[in-house]
Amino acid sequence: MRTRLVLLSLGGLAALLTSIAFAVTIGPAAISTADVWAAVAAHLGLGDSTLTPLRDGIVWDLRMPRTLLAAVCGAGLAVCGAVMQSLLRNPLADPFVLGVSSGASTGAVAVVVLGVGGGAISLSAGAFLGALLSFGLVLLLSHILGGSTDRVVLSGVAAMQLFSALTSFTVLTSADAETTRGVLFWLLGSLTGADWGQVALCAAVLAVALAVCLGHARTLDAFAFGAEAAAGLGVHVARTRLVLLSVTALLTAVLVSCAGAIGFVGLVLPHATRALTGSGHARLLPVTALTGAVFLVWVDTAARTVLDPQEVPVGVVTSLIGVPAFVAVLYRGRSKA
C-alpha cells in the first residue's frame, strides 16, 4: 500500500504540474509551454526572460496566479470534503454543509451592496468574516442541541438556509442591476482577478490544514466505525470533532472568500479517490488533494475559454460535471452493495 501511495502521489504531482503548464498556455493570446517555463524561470531568478513585457505579464500576472489558485482551491475543497464525510459519517457531507459558503456569500454581499465597513473592508474580507460568523452559529446551535453528528449537520443546514435567505433579501432589495449581476457571478464561483497574494494566503492555510488533518489520520480512520467505537479506542471525540471541523471551516472560509462558492468538488472527488486509495486517510488525503487540484485547474480552463469572450462561473461547470459524476459514484456503491 505504501508503494501504491508513492506511485499515486508521484503520478498526481506529475499530472498537476503538466496541467498547470498546459492550462496557462490556453487563452486568446497564443502562449507556448516554453514561454511559460521561461517566464517562471526568470521570475524565480533562474535566467533571463526572452518574452516581451506584455507576454510576460499575461503568463506571470494573469494566467499563472489564476491557475495556481484554482489548483489550491480544488485541493482544499476536496480535502475538506474527505475529512467531513468521515468525521460526520455522512457521504453527502461537503465543505458547505456547515453553512460556511452561505455565510461567506452574505458577508460579501453586505460589503458590496450595503457598503458595510465604509470601504475599509474588501469583498474577500467580508466573505471571510461572514463565513466565520456562520460557523460560529453552527457550533452554538449544535452545542445547544447536544453536539451529536446529526445535530451538527442539521445545524449546518439551518445556518445555510438562514444566510442564503439573508443574501437573497439583501440583493433583491438593495442592489442595482449591475451590482446584482456581479455579485451573482461571484456567488457561483469565479477566479477572475486572482493575484499572488490570494495564492499565497490560500496555499499557506491549505498547508496548515492538510498537516493537521494528516496528523489526525488514524483518528479519522477510527471515526469510520462510529463515535462510540472511536471513543473506545481512546479518541477524545468532542475535542477531535471541534478541532477538525474548525480547521475545515477555516480553510473553506479562506477559499470561498477568494474564489466564491464552488460546489461539488468536496462532494464528488473524495468518493472517486477512495476507489484508488481505499479508506485509510493517510493515503486518501494527499491523493484527494492532488485529484482536486488537477480537476479544478481544467474546470477553470474550460470556464474561461469554452464560451470566449464570455466567461462561465466555475461553480456552474463543477455542477454540470459533478451531478452526473456523483450519480455514477452512488450507482457504483449501490452495485457493490
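Side chains included, hydrogens not; waters and symmetry mates left out as well; all remaining heavy atoms used.
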Query raised in the report: For residues Ser164 and Ser102, is any side-chain donor paired with an opposing acceptor at under 3.5 Å?
Result: yes
Just by distance, do the side chain of [X] and the backbone of [Y] share a donor-acceptor pair under 3.5 Å?
X: Gln85; Y: Leu267; result: yes
X: Gln198; Y: Ser257; result: no
X: Thr25; Y: Phe22; result: yes
X: His281; Y: Cys213; result: no
X: Ser134; Y: Ala131; result: no
X: Ser86; Y: Val83; result: no

With heavy-atom distances below 4.5 Å as the criterion, would you say the side chains of [X] and [Y] are in contact?
X: Met64; Y: His43; value: no
X: Thr170; Y: Thr106; value: no
X: His271; Y: Pro91; value: yes
X: Val317; Y: Ile321; value: yes
X: Arg274; Y: Thr288; value: no
X: Ile262; Y: Leu296; value: yes
X: Leu5; Y: Val287; value: yes
X: Leu68; Y: Trp196; value: yes

Which pair of heavy atoms, one from [X] and one from [Y], lies closest together, and at what distance?
X: Ser19; Y: Val294; result: OG-CG1, 3.7 Å
X: Val24; Y: Ile31; result: O-CB, 4.5 Å
X: Val254; Y: Cys202; result: CG1-SG, 3.9 Å
X: Asp94; Y: Gly266; result: CB-C, 3.9 Å
X: Gly292; Y: Leu269; result: CA-CD1, 3.3 Å

Query - Set of residues satisfying salt bridge (Lys or Arg N to Asp or Glu O under 4.0 Å) with respect to Arg55, sequence neighbours excluded - result: Asp35
Requested in this report: Taking salt bridge (Lys or Arg N to Asp or Glu O under 4.0 Å) as the test, write out the residues that go with Arg63, two or more places apart.
Outcome: none
Acceptor/donor pairs from residues 135-142 side chains to any protein atom, 3.5 angstrom cut, sequence neighbours excluded:
residue	atom	partner	partner atom	Å
Ser142	OG	Val138	O	2.9
Ser142	OG	Leu139	O	3.0

Report task. Indicate, with yes or no, if Phe169 and Leu162 share a hydrophobic cluster defined by side-chain heavy-atom contacts under 4.5 Å among Ile, Leu, Val, Met, Phe, Trp and Tyr. Result -> no
Query raised in the report: Under 4.5 Å between side-chain heavy atoms, hopping through other hydrophobics if needed: is there a path connecting Phe163 to Leu188?
Result: no
Report task. Would you give the length of the straight line joining atom CG of Asp300 to atom CD of Glu311, rounded to the nearest 0.5 angstrom? Result -> 7.0 Å
Report task. Mind checking the OG-CG spacing from Ser246 to Leu251? Nearest 0.5 Å is all I need. Result -> 12.5 Å
